[in-house]
Amino acid sequence: MAKKKIRVEQSFYDTDRFYSILSALGKKDATDKEIAAALNITPETFSRMKNGKYDGWTDKENEERSERICQVLSRARASLITALKDSYIKLATGNAKSTTTRYVQARCMCNGQDRECPACGGTGYITLTDRSIVLEQQLPPNAQAITTLLRHYSPEWRKEEDEADNEELPQNVKKGIPVSHWIDAEMTGDWEELDNIDEITHKSISDYETD
(Lines give C-alpha, C1' and ligand atoms only; values in the text may rest on other atoms or scores of the structure.)
Protein backbone atom coordinates (compact mmCIF):
# COMPACT_ATOMS: atom_id res chain seq x y z
CA MET A 1 0.00 0.00 0.00
CA ALA A 2 1.45 3.31 -1.07
CA LYS A 3 2.12 5.83 1.65
CA LYS A 4 0.09 8.99 1.53
CA LYS A 5 2.28 12.00 0.77
CA ILE A 6 1.88 14.86 3.20
CA ARG A 7 2.69 18.31 1.75
CA VAL A 8 4.45 20.55 4.24
CA GLU A 9 4.06 24.21 3.37
CA GLN A 10 7.35 26.06 3.30
CA SER A 11 7.65 28.99 5.69
CA PHE A 12 7.34 32.39 4.04
CA TYR A 13 10.64 33.35 5.69
CA ASP A 14 12.40 30.63 3.70
CA THR A 15 11.03 31.66 0.33
CA ASP A 16 12.84 33.63 -2.36
CA ARG A 17 9.97 36.13 -2.34
CA PHE A 18 10.70 37.15 1.26
CA TYR A 19 14.37 37.78 0.54
CA SER A 20 13.63 39.51 -2.77
CA ILE A 21 11.42 41.93 -0.82
CA LEU A 22 14.25 42.57 1.63
CA SER A 23 16.70 43.11 -1.24
CA ALA A 24 14.43 45.56 -3.04
CA LEU A 25 13.87 47.56 0.15
CA GLY A 26 17.57 47.52 0.98
CA LYS A 27 18.41 48.94 -2.46
CA LYS A 28 16.05 51.83 -1.66
CA ASP A 29 17.96 52.46 1.60
CA ALA A 30 14.89 51.55 3.65
CA THR A 31 15.45 51.52 7.40
CA ASP A 32 14.69 48.45 9.52
CA LYS A 33 11.56 50.23 10.74
CA GLU A 34 10.39 50.83 7.17
CA ILE A 35 11.15 47.21 6.25
CA ALA A 36 9.07 46.01 9.19
CA ALA A 37 6.17 48.20 8.07
CA ALA A 38 6.39 46.77 4.53
CA LEU A 39 6.30 43.24 5.98
CA ASN A 40 3.35 44.21 8.19
CA ILE A 41 5.19 43.33 11.39
CA THR A 42 6.41 45.45 14.29
CA PRO A 43 9.94 46.90 14.30
CA GLU A 44 10.65 44.89 17.46
CA THR A 45 9.66 41.65 15.73
CA PHE A 46 11.87 42.33 12.73
CA SER A 47 14.74 43.26 15.04
CA ARG A 48 14.45 39.91 16.81
CA MET A 49 14.33 38.10 13.46
CA LYS A 50 17.38 39.95 12.21
CA ASN A 51 19.33 39.26 15.39
CA GLY A 52 18.35 35.60 15.68
CA LYS A 53 16.17 36.02 18.77
CA TYR A 54 12.67 35.51 17.37
CA ASP A 55 10.54 33.41 19.71
CA GLY A 56 8.50 31.91 16.85
CA TRP A 57 11.54 30.18 15.33
CA THR A 58 13.67 27.32 16.52
CA ASP A 59 17.32 27.93 17.40
CA LYS A 60 18.38 26.52 14.04
CA GLU A 61 15.86 28.66 12.14
CA ASN A 62 16.99 31.75 14.05
CA GLU A 63 20.60 31.09 13.20
CA GLU A 64 20.06 30.38 9.51
CA ARG A 65 17.41 33.00 8.78
CA SER A 66 19.01 35.87 10.70
CA GLU A 67 22.30 35.25 8.91
CA ARG A 68 20.61 35.27 5.52
CA ILE A 69 18.57 38.40 6.37
CA CYS A 70 21.74 40.28 7.31
CA GLN A 71 23.59 39.09 4.20
CA VAL A 72 20.77 40.08 1.85
CA LEU A 73 20.41 43.55 3.39
CA SER A 74 24.17 44.08 3.43
CA ARG A 75 24.53 43.22 -0.26
CA ALA A 76 21.51 45.35 -1.22
CA ARG A 77 22.74 48.41 0.64
CA ALA A 78 26.26 47.94 -0.73
CA SER A 79 24.89 47.88 -4.27
CA LEU A 80 23.06 51.16 -3.55
CA ILE A 81 26.30 52.82 -2.41
CA THR A 82 28.05 51.52 -5.54
CA ALA A 83 25.32 52.94 -7.76
CA LEU A 84 25.45 56.31 -5.99
CA LYS A 85 29.25 56.47 -6.31
CA ASP A 86 29.00 55.60 -9.99
CA SER A 87 26.45 58.39 -10.56
CA TYR A 88 28.59 60.87 -8.64
CA ILE A 89 31.70 59.98 -10.64
CA LYS A 90 29.77 60.40 -13.89
CA LEU A 91 28.60 63.82 -12.68
CA ALA A 92 32.19 64.84 -11.89
CA THR A 93 33.69 63.59 -15.16
CA GLY A 94 30.97 64.96 -17.42
CA ASN A 95 29.53 61.57 -18.32
CA ALA A 96 26.12 62.25 -16.78
CA LYS A 97 23.14 62.88 -19.00
CA SER A 98 19.92 64.81 -18.53
CA THR A 99 16.82 63.34 -20.14
CA THR A 100 13.67 65.34 -20.82
CA THR A 101 10.46 63.85 -22.19
CA ARG A 102 8.10 66.10 -24.12
CA TYR A 103 4.69 64.89 -25.19
CA VAL A 104 3.18 65.84 -28.54
CA GLN A 105 0.21 68.18 -28.43
CA ALA A 106 -2.62 68.39 -30.96
CA ARG A 107 -5.44 70.80 -31.54
CA CYS A 108 -8.67 69.84 -29.87
CA MET A 109 -11.80 69.58 -31.97
CA CYS A 110 -13.36 72.36 -29.92
CA ASN A 111 -10.50 74.74 -30.85
CA GLY A 112 -10.65 76.17 -27.34
CA GLN A 113 -14.17 77.48 -27.79
CA ASP A 114 -15.66 75.18 -25.17
CA ARG A 115 -14.39 76.17 -21.70
CA GLU A 116 -15.85 72.99 -20.25
CA CYS A 117 -14.44 70.65 -22.89
CA PRO A 118 -13.64 67.29 -21.19
CA ALA A 119 -10.78 66.64 -23.64
CA CYS A 120 -8.75 69.86 -23.36
CA GLY A 121 -10.34 71.72 -20.45
CA GLY A 122 -10.84 74.75 -22.62
CA THR A 123 -7.18 75.16 -23.64
CA GLY A 124 -7.75 74.08 -27.21
CA TYR A 125 -4.93 71.50 -27.04
CA ILE A 126 -4.78 67.88 -25.96
CA THR A 127 -1.65 65.97 -24.93
CA LEU A 128 -0.96 62.76 -26.81
CA THR A 129 0.55 60.60 -24.06
CA ASP A 130 1.28 57.82 -26.54
CA ARG A 131 3.49 60.11 -28.63
CA SER A 132 6.55 61.69 -27.05
CA ILE A 133 9.95 63.15 -27.89
CA VAL A 134 12.90 62.26 -25.64
CA LEU A 135 15.64 64.88 -25.47
CA GLU A 136 18.99 63.78 -24.06
CA GLN A 137 21.68 66.27 -23.07
CA GLN A 138 25.26 65.65 -21.94
CA LEU A 139 26.01 67.51 -18.71
CA PRO A 140 29.37 69.30 -18.30
CA PRO A 141 31.79 68.23 -15.53
CA ASN A 142 30.70 69.43 -12.10
CA ALA A 143 33.47 71.34 -10.28
CA GLN A 144 32.07 70.68 -6.81
CA ALA A 145 31.83 66.95 -7.48
CA ILE A 146 35.40 66.92 -8.81
CA THR A 147 36.70 68.64 -5.67
CA THR A 148 34.83 66.22 -3.41
CA LEU A 149 36.18 63.17 -5.23
CA LEU A 150 39.75 64.46 -5.21
CA ARG A 151 39.56 65.28 -1.53
CA HIS A 152 38.23 61.81 -0.77
CA TYR A 153 40.52 59.74 -3.00
CA SER A 154 43.70 61.81 -3.25
CA PRO A 155 45.74 62.33 -0.04
CA GLU A 156 48.07 64.70 -1.93
CA TRP A 157 45.17 66.90 -3.04
CA ARG A 158 43.70 66.89 0.46
CA LYS A 159 47.06 67.89 1.97
CA GLU A 160 47.58 70.73 -0.49
CA GLU A 161 44.04 71.97 0.04
CA ASP A 162 44.43 71.96 3.83
CA GLU A 163 47.76 73.80 3.57
CA ALA A 164 46.16 76.41 1.32
CA ASP A 165 43.33 76.88 3.83
CA ASN A 166 45.82 77.30 6.68
CA GLU A 167 47.78 79.92 4.73
CA GLU A 168 44.62 81.98 4.44
CA LEU A 169 44.24 82.16 8.23
CA PRO A 170 45.54 85.45 9.74
CA GLN A 171 48.82 85.08 11.62
CA ASN A 172 48.08 88.06 13.85
CA VAL A 173 44.94 87.22 15.76
CA LYS A 174 44.52 90.85 16.83
CA LYS A 175 43.30 91.41 13.28
CA GLY A 176 40.55 88.92 13.89
CA ILE A 177 40.03 85.20 13.26
CA PRO A 178 37.58 83.38 10.98
CA VAL A 179 34.38 82.23 12.65
CA SER A 180 35.03 78.63 11.52
CA HIS A 181 38.45 78.67 13.23
CA TRP A 182 36.94 80.12 16.40
CA ILE A 183 34.28 77.37 16.43
CA ASP A 184 36.89 74.64 15.90
CA ALA A 185 38.96 75.96 18.79
CA GLU A 186 35.87 76.26 20.97
CA MET A 187 34.85 72.65 20.26
CA THR A 188 38.31 71.21 20.91
CA GLY A 189 39.32 73.56 23.71
CA ASP A 190 42.54 74.33 21.83
CA TRP A 191 43.23 78.01 22.27
CA GLU A 192 47.03 77.69 22.65
CA GLU A 193 47.74 79.12 19.21
CA LEU A 194 45.48 82.11 19.76
CA ASP A 195 47.47 84.62 21.84
CA ASN A 196 45.69 87.29 23.86
CA ILE A 197 42.31 85.72 23.15
CA ASP A 198 40.85 87.12 26.39
CA GLU A 199 41.91 90.60 25.40
CA ILE A 200 40.39 90.16 21.96
CA THR A 201 37.18 88.73 23.34
CA HIS A 202 36.69 91.48 25.91
CA LYS A 203 37.52 94.09 23.32
CA SER A 204 35.00 92.62 20.91
CA ILE A 205 32.32 92.57 23.60
CA SER A 206 33.05 96.14 24.70
CA ASP A 207 32.57 97.32 21.13
CA TYR A 208 28.89 96.39 21.44
CA GLU A 209 28.35 97.84 24.92
CA THR A 210 26.31 100.97 25.18
CA ASP A 211 26.09 103.58 27.91
Side-chain angles (χ1 to χ4, degrees), residues 4-103 127 129-130 132 134 136-137 139 141-155 157-158 161-162 165 179-190:
K4 183 177 181 181
K5 293 182 179 180
I6 301 177
R7 181 177 180 275
V8 180
E9 185 176 357
Q10 186 183 29
S11 170
F12 172 65
Y13 301 105
D14 284 327
T15 62
D16 291 337
R17 173 170 170 73
F18 170 65
Y19 293 101
S20 65
I21 292 174
L22 290 184
S23 180
L25 292 171
K27 290 178 180 178
K28 294 180 180 179
D29 198 28
T31 63
D32 287 358
K33 185 176 182 180
E34 292 169 337
I35 292 175
L39 295 173
N40 199 28
I41 57 179
T42 65
E44 293 76 18
T45 297
F46 182 70
S47 177
R48 290 194 293 270
M49 290 178 173
K50 185 179 176 182
N51 292 289
K53 298 179 180 179
Y54 182 53
D55 295 336
W57 294 344
T58 64
D59 291 343
K60 183 179 180 181
E61 288 172 339
N62 267 300
E63 181 179 357
E64 293 176 350
R65 292 172 182 170
S66 65
E67 181 179 0
R68 189 175 178 186
I69 288 173
C70 291
Q71 288 178 349
V72 168
L73 288 178
S74 178
R75 285 195 296 267
R77 287 165 176 163
S79 67
L80 172 62
I81 297 299
T82 300
L84 291 175
K85 287 174 63 178
D86 181 61
S87 297
Y88 200 79
I89 291 173
K90 286 182 179 179
L91 179 63
T93 56
N95 289 320
K97 295 181 180 180
S98 174
T99 302
T100 303
T101 301
R102 295 182 180 178
Y103 292 100
T127 300
T129 56
D130 59 334
S132 62
V134 179
E136 191 173 74
Q137 180 182 7
L139 298 178
N142 185 285
Q144 182 60 45
I146 293 173
T147 301
T148 302
L149 286 175
L150 286 172
R151 185 168 180 82
H152 183 76
Y153 289 108
S154 174
W157 173 278
R158 185 163 57 249
E161 193 178 48
D162 290 341
D165 290 340
V179 174
S180 60
H181 196 172
W182 184 88
I183 293 175
D184 290 341
E186 184 72 13
M187 295 295 292
T188 61
D190 185 11

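Worth knowing before you read on, the calculation uses all heavy atoms, side chains too, and leaves out hydrogens, waters and symmetry mates.
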Item checked: Nearest non-hydrogen partners of L80 and K28, listed with the distance -> CD2-C, 4.3 Å

Next item on the list: Please confirm whether the backbone N or O of F12 pairs with a side-chain atom of T15, one donor and one acceptor, at under 3.5 Å?
Entry: yes

Check: Nearest 0.5 Å, what's the CZ-OG distance between F18 and S11?
Finding: 8.5 Å

Check: With a 4.5 Å limit on heavy-atom distance, are the side chains of I21 and L39 in contact?
Finding: yes

Notebook entry, point to check: Is there a donor-acceptor pair under 3.5 Å between the side chain of Y19 and the backbone N or O of Y13?
Noted result: yes

Notebook entry, point to check: Roughly how far, to the nearest 0.5 Å, is OH of Y54 from OG of S66?
Noted result: 13.5 Å

Note to self: Tell me if a side-chain donor or acceptor on T82 pairs with a main-chain N or O of A78 at a distance below 3.5 Å.
What the structure shows: yes

Checklist line | For I146, the option from T148, N142, L150 that meets side chain to side chain contact (heavy atoms under 4.5 Å, CB included) | finding: L150

Next item on the list: Quick one: pull up CG in L91 and CD in Q144 and give me the separation to the nearest 0.5 Å.
Entry: 10.0 Å

Next item on the list: Determine yes or no for a side-chain-to-main-chain donor-acceptor pair under 3.5 angstrom, with S23 supplying the side chain and S20 the backbone.
Entry: no

Next item on the list: Could you check if a side-chain atom of D14 sits within less than 4.5 angstrom of a side-chain atom of R65, using non-hydrogen atoms only?
Entry: yes

Check: Of all heavy-atom pairs between A36 and F46, which one has the smallest distance, and what is that distance?
Finding: CB-CB, 3.9 Å

Item checked: Close side-chain approach of I41 to M49, heavy-atom, < 4.5 Å -> yes

Next item on the list: In plain terms, say whether R68 and D16 are close enough for a salt bridge, that is, a side-chain N and a carboxylate O under 4.0 Å apart.
Entry: yes

Check: Given S98 and E136, is the side chain to side chain contact (heavy atoms under 4.5 Å, CB included) satisfied, shown in steps?
Finding: CA-CA 6 Å; S98 174; E136 191 173 74; over 6 Å; no

Note to self: I'd like to check L73 versus L25 (side-chain heavy atoms, cut-off strictly below 4.5 Å). Are they in contact?
What the structure shows: no

Note to self: Show the nearest heavy-atom pair for residues P43 and K33, with the distance to one decimal.
What the structure shows: CG-CG, 4.0 Å

Check: Is it the case that more than 12 heavy atoms not belonging to D130 sit under 6.0 Å from its CG atom?
Finding: yes

Check: Above 12 or not: heavy atoms from other molecules or residues under 6.0 Å from CD of E63?
Finding: no

Check: Would you say the side-chain atoms of E64 pair up with the backbone N or O of E61, donor to acceptor, closer than 3.5 Å?
Finding: no

Notebook entry, point to check: If every non-hydrogen atom of A76 is compared with every non-hydrogen atom of S79, which pair is closest and at what distance?
Noted result: O-OG, 2.6 Å

Margin query: Show, in sequence, the C-alpha distance, side-chain angles and deciding distance for V134 and T100, and conclude whether the side chain to side chain contact (heavy atoms under 4.5 Å, CB included) test is met.
Written below: CA-CA 6 Å; V134 179; T100 303; over 6 Å; no

Check: Hey, what do you get for OG1 (T45) to CG (N40), rounding to the nearest 0.5 Å?
Finding: 10.5 Å

Margin query: Looking at every heavy atom in both G52 and N62, which two are closest together, and how far apart are they?
Written below: C-OD1, 3.2 Å

Margin query: Working to the nearest 0.5 angstrom, can you tell me the gap between R75 CZ and L22 CG?
Written below: 11.0 Å

Check: Can you name the nearest heavy-atom pair linking A30 to R77, along with the distance?
Finding: O-NH2, 2.8 Å

Check: Got a salt bridge between D32 and R48, using NZ or NE/NH1/NH2 to carboxylate O under 4.0 Å?
Finding: no

